[in-house]
Amino acid sequence: MTENAYTRDDDSSSGGEGRGVGRMTGTVLVTSGTGKTGRRVVERLTALGVPVRPGSRTGKVPFDWQDDTGWEAALRGTEAAYVAYYPDLAVPGAAEAMAAFGRTAAACGVRRVVLLSGRGEPQAAVAEEALRGAAGRAEVTVVRSAFFAQNFSEGALLDGVIGGELVFPAGTAAEPFLDLDDLADVVVAALTGGGHAGAVYELTGPRSLTFEQAAEELGRATGRPVRYVPVTGPAYASLLEEFGVPGAEAGFLAELFATLLDGHNAATTDDVKKVLGREPNDFSGFAREAARDGAWHG
């Protein structure tokens, strides 16, 4: 998944004529504010001078998806919110959490909500609708992301790249990996600019690659061989358990990847360009930048 651009005094960063209508400059709550996407959204809002409230379980603004007693305090006085639900909108209980968050946001007078969702996840779509139905008059924008390119440099696949073997249950399916910097830019544009109310954006990179092809790209960027090793879903769940992931979570993740990586998400979209007015970053560009920044020096 990726990130996006925030508005300035002109309209160039939000892309598209008329996007400047309905700008917001009030305080924005960023849930999961220290995570892969939340951190990038916070950085961009801060650079734009937009007051931002990063919420996290251990930060200055307590926010925990498993404890709704702190949500009202985190939302009070905010104008907008970025919602990145952990661990995934497809998990049992996510729709109920989204409905509860929506009710709390509406009661606190939040005017705009941008929700991060998964592309091609039927259960995530149920959670999206639960938030919309509970958010009252708040404008809701949904950003559905393809598989994050940064999962190879900051996430669960980082050690595999460093070790030269990517063990994953993707088979031969192709995926249009999304750079999180593009994602964050889109999120910020939707949070601060006009013209996004009710929109559902499906964000992808500019081309689709199999995991074998992605491994080859990563090998070129790192200067050492990286090999893709396909495994079955149950085998991957067992591997996760060996690394300390609880059995139920390991099984859910393996099943989720099997659902997402069956080929139905292979097509690319032009929604990044539609929002930002520019093309998304290519996977090879992501790999070169991550290698330059030392992501795989481990």
Side-chain angles (χ1 to χ4, degrees), residues 1-5 13-16 19 35-38 40-41 44 82-85 88-90 114-125 127-128 141-157 166 168-191 195-196 198-218 221 228 256-290:
M1 297 183 166
T2 26
E3 316 186 356
N4 302 322
S13 65
S14 54
R19 295 261 187 221
K36 285 198 291 290
T37 69
R40 288 172 164 86
V41 170
R44 284 159 172 75
Y82 170 56
V83 178
Y85 181 75
D88 191 273
L89 283 183
V114 177
L115 173 65
L116 175 64
S117 187
R119 186 171 181 240
E121 294 185 46
Q123 290 306 310
E128 296 168 13
T141 304
V142 175
V143 174
R144 295 175 179 165
S145 178
F147 198 93
F148 295 162
Q150 276 76 2
N151 285 335
F152 295 101
S153 60
E154 302 175 24
L157 297 175
L166 285 174
F168 203 69
T172 59
E175 176 70 15
F177 300 104
L178 179 66
D179 190 316
L180 282 176
D181 289 328
D182 291 331
L183 175 69
D185 287 344
V186 171
V187 168
V188 172
L191 282 169
H196 305 283
V200 176
Y201 296 123
E202 296 216 359
L203 305 185
T204 73
R207 63 185 173 119
S208 296
L209 296 86
T210 65
F211 273 68
E212 182 176 9
Q213 291 169 327
E216 293 172 356
E217 296 263 10
L218 292 166
Y228 171 55
L256 176 64
F257 292 137
T259 300
L260 295 179
L261 297 169
D262 64 357
H264 76 280
N265 280 334
T268 61
T269 75
D270 64 354
D271 281 2
V272 170
K273 185 175 182 179
K274 183 187 300 181
V275 176
L276 302 179
R278 62 165 176 79
E279 297 292 340
N281 192 24
D282 187 72
F283 187 83
S284 60
F286 146 75
R288 288 193 302 269
E289 292 164 12

Rounded to the nearest 0.5 Å, the CG atom of L116 sits from the CG atom of L203 at a distance of 9.0 Å

CD (E216) and OG (S284) are apart, to the nearest 0.5 Å, by 13.0 Å

- Do other residues, nucleotides or ligands put more than 12 heavy atoms under 6.0 Å from the CD atom of E154? yes

Measuring only between side-chain heavy atoms, which start at C-beta, is [X] closer than 4.5 Å to [Y]?
X    : Y    : result
P169 : L261 : no
E175 : L209 : no
F257 : F168 : yes
F286 : Q150 : yes
F283 : L218 : yes
V41  : V114 : no
N281 : E289 : yes
R44  : D181 : yes

Requested in this report: Could you tell me how the ring of F211 sits relative to the ring of F177: parallel (under 30°), tilted (30 to 60°) or perpendicular (over 60°)?
Outcome: perpendicular

Practice item. Evaluate the ring planes of F152 and F147, with Trp represented by its six-membered ring, and classify them as parallel (under 30°), tilted (30 to 60°) or perpendicular (over 60°). Key: tilted

Compute whether any side-chain donor of one residue and acceptor of the other, for D271 and T269, lie under 3.5 angstrom apart. no

### Message
Whether the E128 and S117 side chains hold a donor-acceptor pair (N or O, under 3.5 Å, no angle test) is what I'd like checked.
### Response
yes

Checking K274, R119, H196 against Y201 for side chain to side chain donor-acceptor pair (under 3.5 Å), the one that qualifies is H196

- Message: For T210, is there any backbone N or O sitting under 3.5 Å from a side-chain donor or acceptor partner on Y228?
- Response: no

**Report entry** Salt bridge flag under 4.0 Å for residues E121 and R144
**Finding:** no

